[in-house]
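Worksheet for the structure shown next.
Side-chain atoms are counted along with the backbone in the values below, which use heavy atoms only and exclude waters and symmetry mates. Read the numbers this way: they start at 1 and go in the same order the structure lists the ligands and their atoms. Because the structure is predicted, anything quoted here is derived from the model rather than measured.
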Amino acid sequence: MPYVVGYPRIGEKRELKFALEKYWRGKISFDELEEVARRLRARHWSYQKEAGIEYISSNDFSYYDQMIDTIVMLGAEPQEYKDLEGIERYFAMARGDQNHKALPMTKWFNTNYHYFVPQLHKDMEFTLHLDKPLSEFQEAKAQGIKTKVNLIGPITFLSLSRTTDGSDPLDLLPKLLPIYQEAIQQFKEAGVKVLQFDEPALVQDPTKKQLDALSEAYRIIPLDGVQSFVVTYFEHANEAVDRLIDTPISGIGLDFVHGPKNIQSVEKIAKSGKKLIAGVVDGRNIWVSDIDKKVRFLQELPIEKDQVIVSTSCSLLHVPYTLAYEEKLDGNIKSWLSFANEKLTELRLIDKLYREQELGSDQELLEANKAANKTRKKSLQIHDKAVQERLANLRPEEKERQMRGEERLPIQREVLGYPILPTTTIGSFPQTAEVRKLRRDYKEGKIDEEEYKEKIKEMIRYCVHVQEDIGLDVLVHGEFERNDMVEYFGQMLSGVTFSENGWVQSYGSRCVKPPIIYGDVSRPAPMTLEWITYAQSLTDKPMKGMLTGPVTMLNWSFVRDDLDRELVYKQMALAIADEVRDLQDAGIKVIQVDEAAFKEGYPLRSQNRSEYERIAVESFKISTAPAKPKTQIHTHMCYSDFNDIMPTIDAMDADVISIETARNGNRLLEAFRNYRYKKEVGAGVYDIHSPRIPSKEEFIAQIENRLNVFPARLLWINPDCGLKTRRWEEVIPALRNMVEATKDVRSRIVKL
Ligand code: GLN
Ligand code: ZN
């Protein structure tokens with residue numbers, strides 16, 4: 001009787017994405033959009049039913065995001081959207097419109113899915129609106145499928161909320177609980193037999209207050225006649241289990257893939273008589289399960305079989321739909337993968353074997369699974385002796401640069417000859433429709449390599465000309481050859497591949513197709529050398545080579561699970577180090593290794609943080625180790641929250657770090673001031689998320705503000721992030737103002 005925590009909704013051919021975008025452009029009506037949504041739900045339910053899943057969800061569908069759905073269900077829309085109704089109000093919260101700003105969006109725990117942050121306040125009242133979950137439940141029922149109804153649990157809802165008045169959102173619990181109680185009553189009347197309450201917030205170092213709230217909530221919420229399951233995922237939930245076993249809920253969901261420590265809770269659950277929803281099939285990664293191993297794991301759990309429900313580790317929202325459309329993937333690699341639908345089959349097999357049922361025609365699938373796991377262990381496509389040996393025998397100078405940062409900087413200033421308050425940009429310049437079409441035409445074979453390269457070079461020439469004309473000090477080539485900072489490198493590395501259709505929802509209609517790191521990673525040939533050296537040949541100013549760092553490469557990919565993740569980070573680091581060496585040998589004096597995803601890779605439990613930091617820092621240092629003292633290494637992170645990680649940032653040992661500070665910089669700047677950071681910092685002065693062109697005066701104010709924190713000698717002037725989403729008409733005047741402002745401030749400093 002397998003269980004699926006939740007199923008993706010965007011559609012195996014991204015039908016929902018395309019329908020949403022047509023609806024927003026006014027090309028289809030809301031009725032037509034609803035029709036697409038209904039068809040998708042029906043298909044998703046029948047896939048699960050046909051695969052033999054017993055616990056199938058409703059209300060895991062969403063037009064945009066399940067947190068916004070919950071805001072609507074609880075009547076918790078902020079006042080400013082109340083001039084609108086229904087779907088218009090819904091999309092205004094999600095996307096904003098002329099009169100409304102969208103709700104803030106942030107990452108769902110440590111995944112690449114983004115949710116919207118509820119904005120609450122202490123005097124608000126909640127009201128119940130069950131139309132969506134009830135109608136989806138009825139829809140499934142009409143199709144002959146009795147679903148469980150998925151709800152975000154009250155503790156997670158409040159824990160992920162913010163308030164506009166500084167009060168603690170958890171203090172709203174007494175007002176929220178009657179609403180949940182009323183909801184369960186109505187679900188019961190509608191014939192719902194099972195409710196799933198998602199409470200992942202409890203895996204993140206829960207506070208006593210959260211745990212007390214949890215006890216209180218689930219003492220009150222459950223109703224006789226409806227099974228209430230509380231599910232957690234992404235880490236262990238041992239503190240929460242201690243509380244939940246004393247409540248009248250029917251079962252607890254634990255993630256044994258990403259929270260192996262959950263094993264400590266099994267006996268307690270066994271004694272409590274509650275069901276254990278045992279998350280053993282990885283809902284976040286795409287590797288074929290070792291079915292025999294999973295079955296053994298379940299058999300060894302100290303709990304009776306009839307108390308165990310075999311489940312995915314979390315919602316399948318975080319993996320692509322199906323391998324069915326993958327025609328170009330290498331056959332072996334494909335056999336090692338398992339997307340959502342393939343995972344449904346795995347669940348059925350694991351469940352049958354665990355319960356010692358006849359496999360029947362599933363026997364063949366089990367054999368295939370065994371064969372796939374066997375080839376994966378030995379395949380030469382995966383295991384590259386040369387890479388393994390290189391990593392195992394790193395010399396000290398391959399692990400880190402040999403001279404200390406503060407000693408390197410004077411040498412670099414001399415070689416590079418940049419003035420005080422040097423100006424630069426973060427890498428990308430506008431990705432116009434023309435650039436995108438060019439790349440597409442090349443990919444589809446409409447133009448040949450020669451023509452493609454010539455056109456990219458033309459864009460580089462324009463980009464260099466613009467920067468020289470504006471008077472920037474350290475130039476970039478513009479990144480026109482790149483669709484995406486991770487995909488571009490992934491496509492050139494051995495051990496990394498791409499699916500054709502492996503889309504995963506990132507937010508709303510936005511999907512990403514993460515690279516698949518399946519084997520030992522190496523760099524067969526230079527990846528950026530031709531473009532960067534061409535760009536450098538056009539100017540006497542230093543040209544910055546642009547690379548994506550090892551931590552970001554992994555954090556935005558599906559990473560193999562058959563090798564210690566630390567080793568994968570370090571293999572990636574070595575591949576990037578090869579590129580650093582080649583760029584340096586070709587005369588490039590400044591190299592930027594972007595680590596945009598450094599912060600989001602942090603583990604959910606503070607206990608695991610220092611280990612992540614160690615690995616991330618060591619990997620970054622390996623990737624930049626070939627740089628000589630006179631070669632300047634930059635890194636870039638697009639965040640504003642460094643307060644708790646300054647020593648780690650320092651330990652990465654980059655000569656210059658550029659960060660995002662134009663929008664809410666002061667808090668961040670504090671972190672640097674308090675830490676007494678001694679290397680150079682590019683504190684962003686231009687908010688690239690906005691089309692607005694800041695005036696010279698605004699830039700002057702921004703720069704002066706930074707000078708209150710940083711000694712002028714250490715400060716660089718640059719935008720917050722890459723300029724790829726902006727238009728040339730915005731970028732040119734904005735950068736011109738930035739440079740003029742810098743010159744103005746500079747002349748005053750020099751006089752002093
Ligand atoms: N160099 C990249 C760019 O400018 C950095 C992107 C990022 O930080 N997300 O586009
Ligand atoms: Zn950035």
Distance below 2.8 Å from the Zn ion (ligand 2): protein N/O/S atoms: H636 NE2, C638 SG, C721 SG
Measure up the F672 and F642 rings against each other and bin them: parallel (under 30°), tilted (30 to 60°), perpendicular (over 60°). tilted
Taking a 3.5 Å cut-off between nitrogen or oxygen atoms, can you list every pair linking ligand 1 to the protein, with distances?
| residue | atom | partner | partner atom | Å |
| --- | --- | --- | --- | --- |
| ligand 1 | 1 (N) | I426 | O | 3.1 |
| ligand 1 | 1 (N) | E479 | OE2 | 2.9 |
| ligand 1 | 1 (N) | D594 | OD2 | 2.7 |
| ligand 1 | 4 (O) | I426 | O | 3.4 |
| ligand 1 | 4 (O) | S428 | N | 2.9 |
| ligand 1 | 4 (O) | S428 | OG | 3.1 |
| ligand 1 | 8 (O) | H636 | NE2 | 3.1 |
| ligand 1 | 10 (O) | S428 | OG | 2.7 |
| ligand 1 | 10 (O) | K724 | NZ | 3.4 |

Under 4.5 Å between any side-chain heavy atoms of R726 and P691, yes or no? yes
Hey, what's the ring geometry for Y507 with Y64, parallel, tilted or perpendicular (30° and 60° as the breaks)? tilted
Quick check: closest heavy atoms across I688 and T725, and the distance to 0.1 Å? O-OG1, 4.1 Å
Pair T648, R614 - check side chain to side chain contact (heavy atoms under 4.5 Å, CB included), show working. CA-CA 8 Å; T648 307; R614 176 186 67 76; over 6 Å; no
Flag side-chain contact, heavy atom, 4.5 Å: L438 against I456: yes
How are the rings of F109 and F234 set relative to one another: parallel (under 30°), tilted (30 to 60°) or perpendicular (over 60°)? tilted
Among F429, F480, W728, ring pair (Phe, Tyr, Trp, His ring centres under 6.0 Å) partner for Y462: W728
Cation-pi check, R482 to Y488: give yes when NZ or CZ is under 6.0 Å from the six-membered ring centre and within 45° of the ring axis, no otherwise. yes
